[in-house]
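Structure, as structure tokens:
A quick note: this is a predicted structure, and the numbers were derived from the prediction, not measured. In each ligand, atom 1 is the first atom listed, and ligand 1 is the first ligand listed.
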Amino acid sequence: MIDKHSRKISYLRVSVTDLCNLRCVYCMPPGGSELSERDEILSFEEILRIIKHGVTLGVNKIRLTGGEPLVRRGITTLIKQITDIDGINDIALTTNGVNLKEYAGTLKKSGLSRLNISLDTLRPDRFADITRGGNVQDVFDGVEEVLKVGFTGTKMNAVIMRGQNDDEILDFVRYILERNIELRFIELMASGWKNMVDADRFMPSSEIKERVQEIGELVPVNERVGGGPATIYRMKGALGTIGFISAVSKPFCSTCNRLRLTSDGKLRSCLLSGGEVDVRGLLRSSHLDEEELANELTKAFKKVTTMKPIVHSGKNKAVMNQIGG
Ligand code: SAM
Ligand code: SF4
């Protein structure tokens, strides 16, 4: 699939659930967001059907996200089934890390290629505030387990918010000095549930980078595991690397190769803008035979590919737990 701006689509991000065991302030309202009915969420068979169809159209890389993917029952079985699909050569997962201590070993055995762990603060009280009740020790334990069971290319994503955790930028850098992790600082995006762009707390990558350089020089890295939107640097003496994702200040849309599948079965062209096409309805339609379904799925993939904006506005709001950030 090549979109109208000559971008080759090969990457599908799949949100497997809209449920989560945390309630991060920028992602969910205090009482949790409105959840889909259980039967509105795609079954594993349906997810696999869509991925397999995507493969026939050039998809070769999958990322599982959510909500929190590790709260979906049987997730490691799904991962194993995806790794068994011919044509998929990379499957990664984005998690808040809370259940990783328990899951890291099974995830490794299931064939998962890599993990992204989201962590916005290293301080217990702050973690409880930002996530509305989480225990940061669970994430620390999870990270150590991930390294212990032999995952490589692990990334840690930290959303930096002025006045909330920007005083920890250097602590994050110190955290990866002795851990082989790619630390990525992420710009705060407009929050769907708050219905607003949080300009006061937004901090551009350029400013975050200046702070990082207070403790060491950054040398650009060219080669990296798994590709992606971050600009990566190495710091002398650090085992890990440091990346910056400037989705707001410098959108990387021109190299975007991804589509998204929401947990309730919509193919989506972009996290922030563009449009979506319902594929759950097609999968559940009783009057389509296998060949007709395949044709309709091809049409849906192609249609959503043509909807990809050349560049997102940066001001649109994403309901992250539903779309999968
Ligand atoms: N629950 C998993 C997690 O937290 O990693 C996966 C889903 S979560 C929606 C995916 C990513 O979106 C997380 O790294 C989170 O920090 C990010 N995210 C959510 N809302 C955001 C916002 N308003 N701005 C920037 N990143 C956001
Ligand atoms: Fe849950 Fe991830 Fe959203 Fe935090 S960012 S509330 S962990 S889905």
Do Glu68 and Thr17 have a side chain donor and acceptor closer than 3.5 Å? no

Under 4.0 Å between a Lys/Arg side-chain N and an Asp/Glu carboxylate O for Arg126 and Asp129? no

Proximal ligand 2 atoms for Asn96, defined as those under 4.0 Å from one of its heavy atoms: 7 (S)

Closer than 4.0 Å to some heavy atom of Gly67 - which atoms of ligand 2 meet that? 8 (S)

State whether Arg280 and Glu40 are salt-bridged, where the test is any N-O pair (Lys NZ or Arg NE/NH1/NH2 against Asp/Glu carboxylate O) under 4.0 Å. no

Honestly, for Thr95 the part within reach of ligand 1 (heavy atoms, under 4.0 Å) is backbone

Please confirm whether Ser118 comes within less than 3.5 Å of ligand 1 when only nitrogen or oxygen atoms on both sides are compared. yes

Given Gly67, Ala158, Ala247, Cys20, which has its nearest heavy atom closest to atom 1 (N) of ligand 1? Gly67

Distance under 4.0 Å to a non-hydrogen atom of Thr65: what atoms of ligand 1 satisfy this? 6 (C), 7 (C)

Salt-bridge present (Arg284, Asp39; N to O < 4.0 Å): no

Considering only NZ, NE, NH1 and NH2 on the basic side and carboxylate oxygens on the acidic side, decide whether Glu145 and Lys148 come within less than 4.0 Å. yes

Pair Glu291-Asn295, side-chain donor/acceptor within less than 3.5 Å: no

Ring-face cation contact, Phe185 with Lys209, 6.0 Å cut, 45° max: no

Val159 heavy atoms within 4.0 Å reach ligand 1 at atoms 16 (O), 25 (C), 26 (N)

Which bit of Cys24 gets closer than 4.0 Å to ligand 2, counting heavy atoms only: side chain, backbone, both or neither? both

Tyr11 and side-chain hydrogen bond (donor to acceptor under 3.5 Å, both in side chains): which partner among Arg260, Lys61, Arg63, Arg258? Arg63

Side-chain ion pair, Glu144 and Arg179, N-O less than 4.0 Å: yes

Return yes or no for this condition: an N or O of Gly66 is under 3.5 Å from an N or O of ligand 1. no

In terms of atom number and element, which parts of ligand 1 are under 4.0 angstrom from non-hydrogen atoms of Asn96? 2 (C), 3 (C), 4 (O), 5 (O)

Ligand 1 to Glu68, heavy atom cutoff 4.0 Å, flagged ligand atoms 1 (N), 2 (C)

Check: Ser249/Glu187 side-chain N/O donor and acceptor closer than 3.5 Å: yes

With a cut-off of 4.0 Å, which atoms of ligand 1 are near a heavy atom of Glu187? 25 (C)

With a 4.0 Å heavy-atom cut-off (strictly under), which part of Thr94 contacts ligand 1: side chain, backbone, both or neither? both

Quick check: Tyr26 and ligand 1, any N/O pair under 3.5 Å apart? yes

Numbering as shown, the atoms of ligand 1 that approach Met189 to under 4.0 Å (heavy-atom distance): 22 (C), 23 (N), 24 (N), 25 (C)

